[in-house]
Colleague: 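Have a look at the structure that comes next, please.
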Amino acid sequence: QVDGSYQCKDVLILAYQSFGVLFGDLSISPLYVFKSTFSGNLSNYQSEDIIFGALSLIFWTLTLLSLFKHVIILLNADDNGEGGIFALYSLLCRHAKFSLRPNHQTADEELSTYHNPRYSYRNPQSLTVKRFAERHKKAKTALLLLVLFGTCLLICVGFLTPAISIRSAIEGVKVRSSELHYGVVLIIACILLVGLFVLQHRGTYRVAFMFAPIVILWSLSIAAIGVYNILKWNPRVYKALSPYYMYTFFRDTRYDGWISLGGVLLCVTGAEAMFADLGQYTAASIRAAFLSKNFAAVSTSFYASIPDSLFWPVLVMATLAAIVASQSVISATFSIVKQCYAIGCFPRVKVVHKSKWFRGQIYIPEINWVLLVLCLAVTVGFRDINHLGNAYGLTYMSAMFVTTWLTALIINFVWGQSLVLALLFALFFGSIEIIFLSSSFIRISKGGWVPLVLSVIFMLIMFVWHYGSRKKYLYDFHNKVPMKQILTLGPSLGIVRVPGIGLIFTALVSGVPATFTRFLTNLPTFYQVAVFVCEKTVLVPYVPQKERYLIGRIGPKSFRMYRCIVRNGYKDVQKNEDDFENDLIMSIAEFIQLEAEGSGTLEGSVDGRMAVVRTSEKFGKRLEISELERNGEASSSMPPTILNSSKSHILQYLQSTYEMESPGSTLRRRVRFKLQPDMNYRDPNVKDELLELVEAKQSGVAYVLGHSHIKAKMNAPCLKRFVIHVAYLFLRKNCRAPAVVLNIPQTCLIEVGMNYYL
């Protein structure tokens, strides 16, 4: 796997896994669609035409919203192979200046994944609307709020899907054990839910391999049962595919038929995935053929249609398939939260990605346990499963409505099509979704209010975090130290320079942060090599490794001050800190050599006195790395030059004690750098600078982070003071610290206190 390109074996493995992670959600709707559709007064209409009408509605809903909208149109609106609401927002921000992120650079647009040749066409008619949106901050904020609301709805789907799927499967036991107490069903469902979420730490990779055979067997089973019911009860069920039965359905049921649309829309709850129509048509026909001759069995139609000899095996398989259906949305929720966190719209969380997992497969412990608590709450809280279906359907259809309007913007701004075509798309599919939503809104008092309230709460959390983070960045930007002030200090910066490398983390992509000068004011000494590190997210899914690091120099060469901008995509996962240190040293060494070869070889732009370069194809050839054993000796057959550590005996003792008491620190990868012996240097100063860099790395690396204290200005409005002093500070105190997210050992951490007045 290199830069996202998969080998044939990887493709086959992912295709196999997709049965467990993707298609499970698409084949589970037979458990609850008809039950929810006929939950109201529609159950009083017991005729074959009504059953056929409901099936016709399901068929054409799947055809229009799943096949035409998602498969034919939305799958072409991908962002380098990534889909979803956030991918649409990313495309819009790259083709128009809709993003509120203030640290965008022109160099970001040179990434190979930034532009897509398919979207190179520009329609002059769309420029007027685009310029209007780009000039008005309120329009950008409204777009961001729409995207956040859509993602919050999908987070709600993350705990509603397991609740309704597993509970619907377990309630099938009542078909054979009608006297079974309601509490027993809840206990069994809760036990399965707890087991499902406990499994998540093993990763999607393992879960998908365990669940894929279940979905395959389940799909074959419902297909066989469908054929059985069609042949036994009503071979004429194929007539329901005619739109005429939709007309007769609404003609006979009127208001009750419109109310039932809230149950019909449950058939497209997997429509956000590819080929959502497959496996669903057969599932609907299973129950329609049976119900057309067994009207009284509406509430348990799926299990009642199963032959007696196959009931218990199918019940077990349905329960397992319900667990599988839940897996896809749980994985999607992890991905959604990761994307929001990457652009500064979610508090800091721990993102786990193991090397043996495929790229993009992650696990977030905090979100996993929050989903489990909410899932158990709605499972136990909704005594009537139809109320749970109301909440589920309203949430999914609202998210689809948001996707429709974002896709309309994609058609106009990204694809370069006319505004009229974009409006026609939005009006056609939007009107269909509004009809379903209008039916669902009638059921808000019967469960639909829960996901709406939670979505608003989640959206407020995201927006408050985004607002506070953006204000904090702007404060740093306006209070950065002018370069003239740094240059007047001379190479020593007016302080004592000690051996080692100091990594100063900042959100700024230019200038010197106030954190650095505050550190020098309180402790007039710093490391011989200073590197200002800015980790930023570019609105692309992934950034290729060879394009990730932008290296520059701050001040003259004698200052030994560099800038490193680490660019990540919104789906990239934080690397191990040891790999980051090694890549950083190799990148700086490459920059030093390229700079010496002349400005004509530099790839990038000049920002003041800083030359920003991309990692060249010669990456990794300036220095030689040899890995050390636990006893500190090099494992390479060629012994490198031994460089004595400048740490005092006390510091060495404290570090060894910490590593003995911290099991995780003993797993750190230890390497030693040395200069390539056969390298020729045009400028002898280059060799001296590289040697100084190697010696500094051998002496040790320290991480300097700002420890900020946030306060609102004295003259700030009451609402702003509440947001800063209460909401934002509460989120900061209850999320992971930056040092924990970056996985920085305590012995290497230096925190500098700073007051921020926002």
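Residues: numbered from 1 along the sequence shown. Values in this document were obtained by computation on a predicted structure and should not be read as measured data.
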Colleague: Please round to the nearest 0.5 Å and tell me the distance separating atom NZ of Lys536 and atom OG1 of Thr506.
Modeller: 12.5 Å

Colleague: Take Ile155 and Thr333 through the test side chain to side chain contact (heavy atoms under 4.5 Å, CB included) and record every step on the way to the result.
Modeller: CA-CA 6 Å; Ile155 291 175; Thr333 304; 4.2 Å; yes

Colleague: Looking at Asn80 and Pro541, would you say the former's side chain and the latter's main chain have a donor-acceptor pair under 3.5 Å?
Modeller: no

Colleague: Which of these passes ring-ring contact (aromatic ring centres under 6.0 Å, His included) with Tyr756: Tyr473, Tyr728, Tyr475?
Modeller: Tyr475

Colleague: Quick test of your reading of the model: are Arg548 and Asp583 salt-bridged, counting only N-O distances below 4.0 Å?
Modeller: no

Colleague: Under 30°, 30 to 60°, or over 60°: which ring-plane class applies to His104 and Tyr114, parallel, tilted or perpendicular?
Modeller: tilted

Colleague: Using atom types as modelled and distance alone, determine if a side-chain donor or acceptor of Ser90 lies under 3.5 Å from a backbone N or O of Leu539.
Modeller: yes

Colleague: What's the separation between atom CZ in Phe149 and atom OG in Ser398, rounded to the nearest 0.5 Å?
Modeller: 6.0 Å

Colleague: Any chance you could measure Leu192, atom CG, to Ile166, atom CD1, to the nearest 0.5 Å?
Modeller: 5.5 Å

Colleague: Measure the spacing between OH of Tyr570 and SG of Cys345 and express it to the nearest 0.5 Å.
Modeller: 14.0 Å

Colleague: Rounded to the nearest 0.5 Å, how far does CD1 of Ile750 lie from CD1 of Ile504?
Modeller: 9.5 Å

Colleague: Hey, could you give me the OH/CD1 distance between Tyr89 and Ile343, rounded to the nearest 0.5 Å?
Modeller: 5.5 Å

